[in-house]
Protein chains: 2
Amino acid sequence: MSGKAKRDGVADIKMSDIARHAGVSPMTVSRALRDPASVSEKMRRKVDAAVREFSYLPNRIAGSLSSKRSNVVGLIVPSIQNSLYANMIQAISDVLRANGFHLMIANSGHRLDDEEALVSALLAQRVCGLVLHNTTHNKRVRDLVAKTGVPVIETGNLPAEPLDMVVSYSNFEAARAMTAHLGRLGYRKIGFVTLPLRDNDRSEERRRGYFAALKELGLPADPSLVLEAPGGFSEGADALVRLIQTHPGLDAGFFAGDVLAVGALFECQRRGWAVPGRVAIASFDDLDLLRHAVPAVTTLRIPRHEIGRRSAELLVNRLLGAPAERVRIDVGFEIVQREST
Amino acid sequence: MSGKAKRDGVADIKMSDIARHAGVSPMTVSRALRDPASVSEKMRRKVDAAVREFSYLPNRIAGSLSSKRSNVVGLIVPSIQNSLYANMIQAISDVLRANGFHLMIANSGHRLDDEEALVSALLAQRVCGLVLHNTTHNKRVRDLVAKTGVPVIETGNLPAEPLDMVVSYSNFEAARAMTAHLGRLGYRKIGFVTLPLRDNDRSEERRRGYFAALKELGLPADPSLVLEAPGGFSEGADALVRLIQTHPGLDAGFFAGDVLAVGALFECQRRGWAVPGRVAIASFDDLDLLRHAVPAVTTLRIPRHEIGRRSAELLVNRLLGAPAERVRIDVGFEIVQREST
DNA sequence: CGTTCTCTTGGTATCGCTACCATCGTATAA
DNA sequence: TTATACGATGGTAGCGATACCAAGAGAACG
């Protein structure tokens, strides 16, 4: 653990030095810095002058220890390398920063044990709040969260038993709605391509939604119409080709994740399959790319940015004194019908 | 600043409690946790038992204050919402984590003053190292870095006067190489679309590279062939259309940034312009998307992941005791010739 | 058998800041 | 004018760990 990350004393000025040079007490410096209104104009000037003279940077580590208060929020996402999360992270980061908080980011790689290790590590750093893009957790994670009482936001799905606060949409409802939408448009043989289901309640929910819609549409639930694929362009392309080989009558493909749909679309362009003439393509998540592709791709708009913003806002409110109550925000979703279906 | 992020004493166990329950001294607990080999088997067992019994999480804030050592690295990127940075962040995060460090991320939005505020804030948090995706800085940033002596990695460009360590490629050389490549392929009227030049040495360098190559090719340097556009699909599309309107003879477009090329490619698909028949398209940065688009897009492969990895490795080595020497790593780039040119 | 050395263990003094309470001066009320 | 209150300042004691040094227990040595 940890290295010899020594920040040696080069010009290591502390508050008492500033106090001495300003001719005031350390407490006055502390106050002048944290709550300027609480000291007199005269004192403030003296302190400010000394602070500037030495470019003094208060040591927040010491501050946090002393006040038992931290201004760092921990965030765990399954993968940083994904523009969906990036949208959310940006929003979180912006809100936190506007309120004087910082963000510590880690990625779990979709592994629950890694999530546990990261939660422990972040709690050891005494983060003042956590955002988890995941709603199924280890027992130890649940225990730690309960025991420490850190405010937590869960995101990415609407769990039955949240740890604390939740901001998300329903993967089940979203997938069901899109499948139903395809049915309404007249498609009858709808393939479903999902991200890996293992340890991923979100994928699982989406698949359930797909089947639920088929049932409502009175269409047969054929498991061979469902393919599991890691995210990626090639994987989407492969999946579509395989589906069409096994089901020549396939008239639509619903790609529930990560650029799979675009991969499939490109494959159609390469093979000269008309979209939606030969096969319709629908996607999940409103990547910019989908709107600009030719043809533009029908998709589900998930308000990722809003999820991030509201998560951070809830957290900040709680940290600023709002009562600790379980909050469950469903930000919903929206079907965006475009040219590909 | 900072909120009432009080982590109240709920089950707040400290090292001395563990020590008491284990029947050893606090120092022994500390040692057993940080360097198990330094205590006897018997002690280690007692400590481990007590630690597990109470699910004790050492307080790293206190540890950092006491040891004057931190295990958090700060990272400032222009924007989190960009898969290029995401690749790098992922790599940094992985390397750091493998070595017991954590990552604090902030985004400057390409504003130097924001960068300054963030550097100050991160240094106040006493990060043990900094990674800046930017090579032009405020005076205050330069002063702070010099004064505190934090190890710093700069990335995104190869500056003439680095703050400390640099891991990057040359934007100038990359843009020049691609322009020369287009010339070699026989294109004679090459448009250049760049990201905003303001406060962005990277864009500036790329433009210089473009002009340098034109000169070498013996082609006229026509400023009206250069367009500035914020990143984005539509912006790329617009830029191409404008270029072709003003220069009907345009035979190639070099899009030096962020999905601009793909936007242009889609526009060609919409308008039925053959690529590269009517106009060739070249891009900067090897997004996955470019490889899978139809036609696949010629581009510059910048090893973003490697940049992140090596940055983090350099930082970790330094933190683990490597001598503080200026390092300048040019990771290079590669031209990837595909169907679009 | 005493001495020296090594290996473990423990005590104590910080680390740099903030909470809390005491103090002092002055404004307000009586 | 004296009593009361309030706002501004300062002193002191931690926050929870680690650094550093001292001390005790064996092992190895002559």
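As the structure is a prediction and not an experimental result, all values here were calculated from the model. Numbered from 1 within each chain, the chains take letters A, B, ... in sequence-line order.
- In this structure, CZ of Arg34(B) is placed 11 Å from P of dA17(D), rounded to the nearest angstrom.
- Separating the CD atom of Gln125(A) from the C1' atom of dG16(D) is a distance of 14 Å, rounded to the nearest angstrom.
- Of all heavy-atom pairs spanning Arg142(B) and His137(B), the tightest one is NH1-O, 2.7 Å.
- Taking the nucleotide of DNA chain C with the nearest heavy atom to each of Lys42(B) and Leu65(B), the more 5' of the two is matched to Lys42(B).
- We find that CE of Met27(B) is positioned 17 Å from P of dC7(C), with the value rounded to whole Å.
- Among the nucleotides dA8(D), dC15(C), dT8(C), the one closest to any side-chain atom of Lys14(A) is dC15(C).
- Each of Ala37(A) and Pro26(A) was matched to the nucleotide of DNA chain D holding its nearest heavy atom; the match closer to the 5' end belongs to Ala37(A).
- For the atom pair CG of Leu57(B) and CG of Leu123(A), the computed distance is 6.0 Å after rounding to the nearest 0.5 Å.
- Counting heavy atoms from C-beta outward, Ile76(A) and Leu122(A) have side chains that approach closer than 4.5 Å.
- For Ser25(A) and dG10(D), the shortest distance from a side-chain N or O to OP1 or OP2 is below 4.0 Å.
- The side chain of Ser67(A) places no N or O atom within less than 4.0 Å of a non-bridging phosphate oxygen (OP1 or OP2) of dC15(D).
- In summary, the side chains of Ser93(A) and Asn107(B) do present a donor paired with an acceptor at a separation below 3.5 Å, with no hydrogens or angles considered.
- To the nearest angstrom, P of dT12(C) lies 18 Å from CE of Met15(B).
- With hydrogens and angles ignored, a donor-acceptor pair closer than 3.5 Å exists between the side chain of Arg31(A) and the base of dG10(D).
- Note: CG (Leu33(B)) to P (dA19(D)) measures 13 Å, nearest angstrom.
- Between Arg34(B) and Ser67(B) there is no side-chain heavy-atom pair separated by less than 4.5 Å.
- Looking at Arg44(A), its side chain does come within 3.5 Å of a backbone N or O of Val39(A) through a donor-acceptor pair.
- Taking each heavy atom of Gly156(A) and Arg202(A) in turn, the nearest pair found is O-CD, 3.1 Å.
- Here the side chains of Pro78(A) and His133(A) are in contact, with some heavy-atom distance below 4.5 Å.
- Neither OP1 nor OP2 of dC15(C) sits under 4.0 Å from any side-chain N or O of Arg60(A).
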Using nucleotides 23-27 of chain D, report all nitrogen or oxygen pairs with the protein that are shorter than 3.5 Å.
none

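- Nearest-nucleotide assignment on DNA chain C puts the 5′-proximal partner with Ser38(B), out of Ser38(B) and Ser66(B).
- Thr28(B) has a side-chain polar atom (N or O) that falls below the 4.0 Å cut-off from OP1 or OP2 of dG10(C).
- Within the 4.5 Å cutoff, the side chain of Leu33(A) has heavy atoms near those of the Met15(A) side chain.
- Between Arg318(B) and Asp164(B), some side-chain heavy-atom pair lies under the 4.5 Å cut-off.
- Of all non-hydrogen atoms in Ser70(A) and Phe101(A), the two that sit nearest each other are O-CE2, 4.2 Å.
- In this model, no donor atom of one side chain and acceptor atom of the other lie less than 3.5 Å apart for Arg140(B) and Ser55(A).
- Against DNA chain D, the stretch residues 50-59 of chain B makes heavy-atom approaches under 4.0 Å through Tyr56(B), Pro58(B), Asn59(B).
- In this structure, Asp17(A) places its CG atom 13 Å from C1' of dC17(C), rounding to the nearest Å.
- Proximity of Ser30(A) to the phosphate of dC17(C): no side-chain N or O atom is located under 4.0 Å from OP1 or OP2.
- Taking 4.0 angstrom as the limit, Lys68(A) places none of its side-chain polar atoms (N or O) nearer than this to OP1 or OP2 of dA19(C).
- Distance CZ (Arg126(A)) to C1' (dA17(D)): 11 Å, rounded to an integer number of Å.
- Look at CE on Met43(B): it is 8 Å from C1' on dT8(C), rounded to the nearest Å.
- When atom types are taken as modelled, the side chain of Asn59(B) and the backbone of Ile61(B) share a donor-acceptor pair closer than 3.5 angstrom.
- End-to-end axis angle of the helix from dC1(C)-dG30(D) to dA30(C)-dT1(D), from C1' rotation axes over five pairs per end: 30° (rounded to 10 degrees).
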